[in-house]
Protein chains: 2
Amino acid sequence: MVEYSKDLDVIFQSLADPTRRDILRRLRPREHTVGELAQHYDLTFAAVSKHLQVLERARLVRKRRSGREQKVELSPAGLGRADTYLAQYRILWEEKIDRLEEFLKPNK
Amino acid sequence: MVEYSKDLDVIFQSLADPTRRDILRRLRPREHTVGELAQHYDLTFAAVSKHLQVLERARLVRKRRSGREQKVELSPAGLGRADTYLAQYRILWEEKIDRLEEFLKPNK
DNA sequence: GCTATATTCAACCATATAGTTGAATATATA
DNA sequence: TATATATTCAACTATATGGTTGAATATAGC
């Protein structure tokens, strides 16, 4: 009865947390190690590590080992999936905004 | 320390539930009453009503009373906000896909 | 091999969330 | 006004989530 798409559950759930969104923001320009990321938050290392696991399950980030560190980078998979989902609704709200602009336009 | 944006918390939290995404899908072509929506789910009326409250707080839907019914329709506000957020990352994953296409292209 | 550094795992706790049931409210109609 | 229909509210329950602490694992370097 419900179009059940577990991947969207996990992706949107991941995006619903401000610390996780902040991690994504930091990863935008470049990859970071887990430790580098952890420094910026008033949380335990373990808590940040768990946030990264959540982001990884959602395929919003990827990790790869580099010596004793783990390098974390953005992954386009999850972000693309979320974006594709919202694209279904994009026409709707763009058209509403168009109508608003039309309404605000003085004349012609 | 964290770019805290409560509206995105609420919007993505709303989108993380399959029943709520299904409700949005049903509202795409036209508005529905709460009762019409509730019919489609194996949940109590109250449960569906609560899902709608969550969607409303996220400004993903709007309700307006019409006699003893409540008409529910999509609201562009929340959807637009989520879409704008993801747009920051769109370049990233589109460029990754471009690179993939480039890689797959036979030659030239 | 021993020790330090980087990260994860396991167990636990508090709070939030999705669901229920039954009562309350709002409106339409006889 | 009384009754039926549509919806929400309140109280409660079970499970999920975000956090902690302390132990475990993996790798680097002496």
Side-chain angles (χ1 to χ4, degrees), chain A residues 1-24 26-27 30-58 60-73 78, chain B residues 1-24 26-27 30-58 60-73 78:
Chain A
M1 190 162 290
V2 173
E3 57 143 333
Y4 190 40
S5 182
K6 185 72 179 170
D7 59 338
L8 287 174
D9 288 14
V10 171
I11 289 166
F12 287 129
Q13 184 63 43
S14 288
L15 292 172
D17 182 275
T19 301
R20 287 193 293 259
R21 286 198 307 277
D22 196 72
I23 289 172
L24 295 179
R26 287 181 192 281
L27 293 176
R30 61 175 177 83
E31 66 182 14
H32 289 64
T33 65
V34 178
E36 283 173 339
L37 290 169
Q39 284 186 315
H40 295 99
Y41 306 101
D42 194 17
L43 293 177
T44 60
F45 202 105
V48 175
S49 176
K50 279 172 81 172
H51 278 305
L52 288 169
Q53 287 173 55
V54 172
L55 288 167
E56 196 174 25
R57 256 195 319 134
L60 290 165
V61 307
R62 272 185 308 228
K63 276 183 291 190
R64 50 172 223 285
R65 183 165 282 282
S66 164
R68 58 187 154 180
E69 297 176 330
Q70 296 265 37
K71 298 271 182 70
V72 186
E73 65 176 351
Chain B
M1 193 162 283
V2 173
E3 58 145 330
Y4 190 39
S5 181
K6 185 70 179 174
D7 60 338
L8 287 174
D9 288 13
V10 171
I11 289 167
F12 286 130
Q13 184 64 44
S14 288
L15 291 172
D17 183 276
T19 301
R20 288 194 291 259
R21 287 198 307 277
D22 197 72
I23 290 172
L24 294 180
R26 286 181 193 281
L27 293 177
R30 61 174 177 84
E31 66 181 14
H32 289 64
T33 66
V34 178
E36 282 173 340
L37 289 168
Q39 284 186 316
H40 295 100
Y41 306 101
D42 194 16
L43 292 177
T44 59
F45 202 105
V48 175
S49 174
K50 279 171 81 172
H51 277 306
L52 288 170
Q53 288 173 53
V54 172
L55 288 167
E56 198 175 22
R57 255 193 323 133
L60 290 164
V61 307
R62 270 185 308 228
K63 275 184 290 190
R64 51 174 219 285
R65 184 165 282 282
S66 164
R68 57 185 156 186
E69 297 176 331
Q70 296 264 39
K71 300 271 183 66
V72 186
E73 67 175 353

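The structure presented is a predicted model; accordingly, all values stated were derived computationally and were not measured. Letters go in sequence order (proteins before strands), and every chain restarts at 1.
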Interatomic distance, A/Tyr41 OH vs C/dT7 C1' [rounded to whole Å]: 17 Å
Phosphate OP1/OP2 of D/dT8: any B/Gln53 side-chain N/O under 4.0 Å: no
Integer-rounded Å distance: C/dT8 C1' and A/Leu52 CG: 11 Å
Distance in angstrom units between A/Asp9 CG and C/dA18 P, rounded: 11 Å
A/Lys63 and A/Gln53, any side-chain heavy atoms less than 4.5 Å apart: yes
OP1 or OP2 of C/dT7 under 4.0 Å from side-chain N/O of A/Ser49: no
Heavy-atom side-chain proximity of B/Arg26 to B/Leu37 below 4.5 angstrom: yes
Residue pair B/Arg30 / B/Lys71, side-chain heavy-atom distance below 4.5 Å: no
Whole angstrom value for the distance that separates P of D/dT7 from CD of B/Glu56: 13 Å
Distance in angstrom units between A/Leu37 CG and C/dT8 C1', rounded: 15 Å
Donor-acceptor pair, side chain of A/Arg20 and main chain of A/Ser14, under 3.5 angstrom: yes
CG on B/Asp17 to CG on B/Leu24, rounded to 0.5 Å: 10.0 Å
Atom-pair distance (CZ on B/Arg64; P on D/dA6), nearest Å: 17 Å
Residue-phosphate contact under 4.0 Å: A/Lys63 side-chain N/O, C/dT7 OP1/OP2: no
Between P of D/dT7 and CD1 of B/Ile23, the distance in whole Å: 13 Å
Per-nucleotide protein contact string for nucleotides 14-30 of chain D (B base, S sugar-phosphate only, - none; heavy atom under 4.0 Å): ----SBBB-----BS--
Flag for A/Asp22-A/Tyr41: side-chain donor and acceptor within less than 3.5 Å: yes
